[in-house]
Engineer: 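My questions will all concern the structure given below.
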Amino acid sequence: MIKIKFPDGSVREYKKGITSLEIAEQISPRLAKEVYAATVNGEIRDLTRSIDTDATLILHKWEDEQAKHAFWHSSSHLMAEAIEALFPGTKFGIGPAIENGFYYDIDPGNEKVFTDSDLVLIENKMKELASKNLTYVRKDVSKKEALDLFSKKGDEYKTELIGDLEDGTISLYSQGNFTDLCRGPHLPSTEAIKAVKVLSLAGAYWRGNEKRKMLTRIYGITFPKQKMLDDYLVFLEEAKKRDHRRIGKELELFTFSPKVGMGLPLWMPKGSEVRKSLIDFMTGILRKRGYQMVTTPHIGNVNLYKTSGHFEKYGADSFQPINTPQEGEQFMLKPMNCPHHCEIFNATPHSYKDLPYRMAEFGTVYRYEQSGELHGLTRVRSFTQDDAHHFCRPDQLREEFKSIIDLVLYTFKILNFNEYTAQISLRDPDNKQKYIGSEENWIKAENDIIEAAAEKNLKTIVVTGEAAFYGPKLDFMVKDAIGRKWQLGTIQVDYNLPERFDLTYNGSDNQKHRPVMIHRTIFGSMERFIAVMIENTAGKFPLWLAPDKAIILPISEKYNDYAQNVLQLLNNSDICTLIDERSEKIGKKIRDSELRRIPYLLIVGEKEAENGTIAVRKQGEGDKGAMKIDDFVTFIKEEIKKEIAV
RNA sequence: GCCGAUGUAGCUCAGUUGGCCAGAGCAGCUGAUUUGUAAUCUGCAGGUCGGGGGUUCGAAUCCCUUCAUCGGCUCCA
């Protein structure tokens, strides 16, 4: 007999060699149907593997990532089987589970090109195979056996993968007629896979290397219940409805023109209003926190970026330098604000007493992004950062860093992003030539970030290899209204630029000392942030951000004069208001204004004209009753104040 | 940049295997109506079918090329 300890602390005895699935069945047959994987002594395993020693056991139901992972990974094998059945000779790369579903990278070989119509075929085949309740069978083999098997099949991708594995046992999983190299774990059988959707296909370089062959990647998702798939498809629809590119066009916020150039957003009047509100809001916060605003040009001498190191790192992949006709100088479009800010710092002498020096700019930068990478406002070639640089003494760094964390969280709170995660990005220890700066400074900078985040009790994940080339960083991700994650602000420690720009301050010892720099943005960029706000609110901006606060809807043209008076009063009171003087019925005017997502609809007819009032209707909520115009002005101003206060 | 897909009016979309002046709804403009909380009616106008080239008696439809967009990959200071 062996002792099994459960997460609730209880311990039960079972006979040696029992499987997790059998344990689940003994607890309840229903549980056995709802578990998809097990963690045995901390190791994630198939439910059907036997347990031979005393162990702790966690059974994973759908809610656990481990369960979804096993489910989708098994589904990717099922998809591979379907593909192999339909298109014999297809070679297989990798087929992992991902955050939402799974994919498989395949090489169709010969002349075959996969198209959307193949997706339906694959989907139907998967459903057919799934209904056969094929069992997933694990088999441990030697490296040589595995190599033999896949060489015989002629699958060079698999043999390459096996070749990279350590000697020893290698696990294979089979279901039906398909066998794959795989670490597992997998479902007991395909029975659990009740709903299947093959979503899309795309190209993907073999092993992520652009010099190697491009394979066909097929994405899919599966669920244990049809209802779950239906819900997921509804979610995808909802995301589509919130697409900032669509809403941006609809609400006339921004546009793109191939004549101007791809990836170069054109901000229309209403979009500019949103930007202005955000900038005013942020400027107010910065003033209170001791920042000083600066302004720098959109281009800079090439030598500036050679000094900063940006030229060496990105010069070849940037917009190329602009030449002067006479002086023989070269200028680059500004890809970063920091070199300019360093020169501002350098323009005056600094005492240790004056630090930290917090310098902020809404600075527009230009970066050449590959054409295939451009995406709405979230990936563009021209964007405005809410950029700031803190120049401080080494002994101030920790506190300064923590104060920025506070600032980021404070801003998120006002903006109603209550769910967020933070990611610490460190160097790739195996690829140090990617980075500039001394070993000593990197170690210092990485420790500073890790400790500052810990002192702020931030829940963080640490990722190596994601650091900027000059320093480690702390990134913030927020969750939006429908659960999607967006990366916003970033804080980066930099010992490097101060060195390169020879920045100094006078210490109490009257010697010159080197300051430390912190780069940070909170919105990330105005473009990206507005995109996130649009998707988060589905275009229904909070009052303070709405480009137009209200629209006056006269019941009939008879009241247009009175409506005009109201319009004047409101606009004079700084409440951006529109009017709809068309000879439409009030229902139509209301509908149109609701669709334009204008926060307040002000209906005026005979009663209102007589009493000097307006009938207020709040968007999405309906009639709020009549109000005096002055009261409405006060009300709106109060509402806005409430929204941007914590 | 790479792989795949898409491109018809301001927007959303029809347009069967190539065949009469390329259609609809919404938006726009006319005119009528003067309306009380999510769509009043009439009429009109609007399109080099993304651009260029080709095949054909004939191309939105087939082929080539180019541009842009979408989904990914690579990249992201």
Side-chain angles (χ1 to χ4, degrees), chain A residues 103 105 108 113-119 199-219 240 243 245-246 249-250 252 255-259 261-263 305 308-315 317-318 334-339 365-376 378-381 385 387 435-436 466-471 473 487 490 492 494 496-497 519 528 553-560 582-595 601-608 615-626:
Chain A
Y103 66 78
D105 282 347
V113 173
F114 277 88
T115 62
D116 289 346
S117 55
D118 295 322
L119 300 186
L199 292 162
S200 60
L201 81 184
Y205 300 110
W206 170 233
R207 306 196 99 175
N209 184 340
E210 60 183 317
K211 298 204 171 54
R212 305 202 61 179
K213 186 162 183 181
M214 181 159 280
L215 306 180
T216 303
R217 175 170 296 180
I218 301 185
Y219 286 88
K240 216 166 146 190
D243 193 319
R245 293 166 298 188
R246 176 199 181 99
K249 187 180 244 176
E250 228 174 86
E252 297 177 4
T255 187
F256 290 90
S257 158
K259 287 182 184 152
M262 55 169 123
Y305 306 109
S308 71
H310 289 106
F311 187 83
E312 194 198 344
K313 186 80 185 167
Y314 293 105
D317 300 318
S318 296
K334 173 170 76 175
M336 286 289 281
N337 300 302
C338 33
V365 297
Y366 302 87
R367 297 179 186 172
Y368 175 77
E369 305 286 0
Q370 298 186 106
S371 59
E373 195 47 55
L374 300 173
H375 181 93
T378 60
R379 199 73 191 273
V380 287
R381 288 176 170 172
Q385 294 177 308
D387 206 0
Y435 309 95
I436 58 173
E466 290 289 308
F469 75 97
Y470 52 74
K473 56 181 184 171
Q487 200 210 306
T490 173
Q492 312 181 352
D494 186 357
N496 230 298
L497 279 189
H519 308 243
R528 187 179 173 78
L553 310 178
I555 292 287
S556 84
E557 284 169 22
K558 280 191 274 185
Y559 312 107
N560 280 359
R582 296 175 304 167
S583 84
E584 292 288 352
K585 287 165 80 168
I586 195 65
K588 169 75 165 166
K589 291 185 184 184
I590 287 169
R591 179 183 154 81
D592 287 350
S593 300
E594 289 274 353
L595 291 175
L601 316 188
L602 311 176
I603 292 146
V604 297
E606 191 178 354
K607 281 181 278 178
E608 289 77 16
V616 178
R617 181 189 163 105
K618 189 169 179 186
Q619 97 118 299
E621 291 185 19
D623 197 358
K624 296 281 167 189

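Proteins come first, then strands; the chains are lettered A, B, ... in the order of their sequence lines, and each starts at number 1.
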Engineer: Among A:M336, A:K313, A:E312, A:K334, whose side chain to side chain contact (heavy atoms under 4.5 Å, CB included) with A:Y305 holds?
Structural biologist: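 Single pass found, and it is A:K334.
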Engineer: If the threshold is 4.0 Å, N to carboxylate O, is there a salt bridge linking A:K558 and A:E606?
Structural biologist: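 Salt bridge flag = no for A:E606 with A:K558.
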Engineer: Hey, is A:Y219 stacking on B:G72? Ring centres under 5.5 Å, planes under 30°.
Structural biologist: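 Taking the rule of under 5.5 Å and under 30°, the ring of A:Y219 does not stack on B:G72.
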Engineer: Could you tell me whether A:Y103 contacts a base, only the sugar-phosphate backbone, or nothing, with contacts defined as non-hydrogen atoms closer than 4.0 Å?
Structural biologist: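 Here A:Y103 touches no strand at all.
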Engineer: To the nearest 0.5 Å, what is the distance between OH (A:Y559) and NZ (A:K607)?
Structural biologist: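 Reported to 0.5 Å precision, the distance equals 10.5 Å.
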Engineer: If you measure from the P atom in B:U30 to the same atom in B:C13, how many Å do you get, rounded?
Structural biologist: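 Straight-line distance between the two P atoms is 29 Å.
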Engineer: If I pick the P atom on B:U8 and the same atom on B:A60, what distance separates them, to the nearest angstrom?
Structural biologist: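 Between the two P atoms, the distance is 15 Å.
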Engineer: Taking salt bridge (charged side-chain N to carboxylate O under 4.0 Å, His left out) as the criterion, tell me which of A:R245, A:K240, A:R246 meets it with A:D243.
Structural biologist: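 Exactly one pass, corresponding to A:R245.
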Engineer: NA contact type, A:G372, heavy-atom cut-off 4.0 Å: base, sugar-phosphate, or nothing?
Structural biologist: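 The answer is base, as A:G372 lies within the cut-off (heavy atoms under 4.0 Å) of a base atom.
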Engineer: Taking the P atom of each, how far is B:C11 from B:U16, in whole Å?
Structural biologist: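 Their P atoms lie roughly 22 Å apart.
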Engineer: Which nucleotide wins on minimum distance to the side chain of A:I586, given the candidates B:G1, B:U35, B:G72?
Structural biologist: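 Within the option list, the nearest is B:U35.
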Engineer: Considering only atom P, compute the distance from B:U65 to B:C2 and round it to an integer number of Å.
Structural biologist: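 13 Å, rounded to whole Å.
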Engineer: Distance between the C1' atoms of B:A22 and B:U48, in whole angstroms?
Structural biologist: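 About 13 Å, rounded to a whole number of Å.
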Engineer: Tell me the interatomic distance from A:R379, atom CZ, to B:C76, atom C1', rounded to whole angstroms.
Structural biologist: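 It is 4 Å, rounded to the nearest whole Å.
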Engineer: By nearest heavy atom, map A:E369 and A:P258 onto RNA chain B; which one lands nearer the 5' end?
Structural biologist: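 The 5'-side residue here is A:P258.
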Engineer: What's the spacing between A:F469 CZ and A:D494 CG if we round to 0.5 Å?
Structural biologist: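 Reported value, rounded in 0.5 Å steps: 8.5 Å.
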Engineer: For A:I603, answer base if it contacts any base atom (sugar-phosphate contacts may also be present), sugar-phosphate if it contacts only those atoms, and nothing otherwise; contact means non-hydrogen atoms under 4.0 Å.
Structural biologist: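 If one applies the 4.0 Å heavy-atom cut-off, A:I603 turns out to touch a base.
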Engineer: Which part of the nucleic acid, if any, lies within contact of A:G605, taking any heavy atom under 4.0 Å across all strands shown: a base, the sugar-phosphate backbone alone, or nothing?
Structural biologist: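 Counting heavy atoms under 4.0 Å across all strands, the contact made by A:G605 includes a base.
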Engineer: May I have the distance from A:R381 (atom CZ) to B:A77 (atom P), rounded to whole angstrom?
Structural biologist: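 After rounding, the reported distance stands at 17 Å.
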Engineer: Is A:R207 touching bases, backbone alone, or none of the nucleic acid, heavy atoms closer than 4.0 Å?
Structural biologist: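 Nothing: the residue A:R207, judged by heavy atoms under 4.0 Å, touches no strand.
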Engineer: Which part of the nucleic acid, if any, lies within reach of A:K589 when heavy atoms closer than 4.0 Å are counted: base, sugar-phosphate only, or nothing?
Structural biologist: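 Nothing, no nucleic acid heavy atom in range.
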Engineer: Got a second to check how far A:H519's NE2 is from A:N337's CG, nearest 0.5 Å?
Structural biologist: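 Nearest 0.5 Å value for the NE2-CG distance: 11.0 Å.
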Engineer: Would you mind classifying the nucleic acid contact of A:E608 as base, sugar-phosphate or nothing, using non-hydrogen atoms under 4.0 angstrom?
Structural biologist: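 A:E608: base contact, heavy atoms under 4.0 Å.
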Engineer: Output the distance between atom CG (A:L199) and atom CG (A:L119), rounded to the nearest 0.5 Å.
Structural biologist: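 Separation between the atoms: 8.5 Å.
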Engineer: Are there runs of at least three consecutive Watson-Crick or G-U pairs touching RNA chain B, with each pair's two distances under 3.5 angstrom? Give them by first number.
Structural biologist: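 As far as RNA chain B goes, consecutive pairing (with distances under 3.5 Å) yields the stems B:1-7 with B:67-73, B:10-13 with B:23-26, B:50-54 with B:62-66.
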Engineer: How would you label the contact of A:E250 with the nucleic acid (heavy atoms, under 4.0 Å): base, sugar-phosphate, or nothing?
Structural biologist: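 Answer is nothing: A:E250 stays at 4.0 Å or more from every strand.
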Engineer: Between B:G28 and B:C67, how many Å separate the two C1' atoms, rounded to a whole number?
Structural biologist: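 Going atom to atom, C1' in each nucleotide, I get 29 Å.
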Engineer: With a non-hydrogen cut-off below 4.0 angstrom, is A:K558 in contact with a base, only sugar-phosphate, or nothing?
Structural biologist: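 Since only primed, P, OP1 and OP2 atoms lie under 4.0 Å of A:K558, the category is sugar-phosphate.
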Engineer: Which value, in whole Å, describes the distance between the C1' atoms of nucleotides B:G23 and B:C49?
Structural biologist: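 Nearest-Å result for B:G23 against B:C49 at atom C1': 12 Å.
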Engineer: Tell whether A:R212 reaches the base of B:C73 with its side chain through a donor-acceptor pair below 3.5 angstrom.
Structural biologist: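 By the distance-only test, no, there is no pair.
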Engineer: Classify the nucleic acid contact of A:Y559 as base, sugar-phosphate or nothing, counting any heavy atom under 4.0 Å across all strands shown.
Structural biologist: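 It contacts nothing in the nucleic acid.
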Engineer: Mind calculating the distance between NZ (A:K213) and P (B:C3) to the nearest angstrom?
Structural biologist: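 In whole Å, B:C3 P and A:K213 NZ are 12 Å from each other.
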Engineer: What's the gap between B:U61 and B:U56 when it is taken at their P atoms, as a whole Å value?
Structural biologist: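 Looking at atom P only, B:U61 and B:U56 are 16 Å apart.
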Engineer: Check if the side chain of A:Y205 and the base of B:G72 share a donor-acceptor pair of N or O atoms closer than 3.5 Å.
Structural biologist: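 Such a pair does not exist between side chain and base.
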Engineer: In whole Å, what is the span from the CG atom of A:L595 to the P atom of B:G25?
Structural biologist: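 Whole-Å distance recorded here is 19 Å.
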Engineer: Measure distances between side-chain N and O atoms of A:S583 and base N and O atoms of B:U33, and say whether any donor-acceptor pair falls under 3.5 Å.
Structural biologist: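 Answer is yes: a donor-acceptor pair is held.
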Engineer: Which distance, rounded to the nearest 0.5 Å, do you find between the OG of A:S318 and the NE2 of A:H310?
Structural biologist: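 So the OG of A:S318 and the NE2 of A:H310 are separated by 9.5 Å.
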Engineer: Does A:R582 or A:Q492 map to a spot on RNA chain B nearer the 5' end, using the closest nucleotide for each?
Structural biologist: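 Looking at RNA chain B, the more 5' nearest nucleotide goes with A:R582.
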Engineer: Just verifying a value: how many Å separate A:I555 CD1 and A:I603 CD1, rounded to the nearest 0.5 Å?
Structural biologist: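 CD1 of A:I603 is found 6.5 Å from CD1 of A:I555.
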Engineer: So what does A:A202 touch, heavy atoms closer than 4.0 Å: a base, only the sugar-phosphate, or nothing?
Structural biologist: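 Touches a base.
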Engineer: What nucleic acid atoms does A:H375 come within less than 4.0 Å of, heavy atoms only: base, sugar-phosphate, or nothing?
Structural biologist: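 Sugar-phosphate, no base atom in range.
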Engineer: Taking only the side-chain heavy atoms of A:A615 (C-beta and beyond), determine which of B:C26, B:G36, B:G72 contains the nearest atom.
Structural biologist: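 Nearest to the side chain of A:A615 among the choices is B:G36.
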Engineer: Spell out yes or no: do the side chain of A:R217 and the base of B:C3 have one donor N/O and one acceptor N/O closer than 3.5 Å?
Structural biologist: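 Side chain to base: no pair present.
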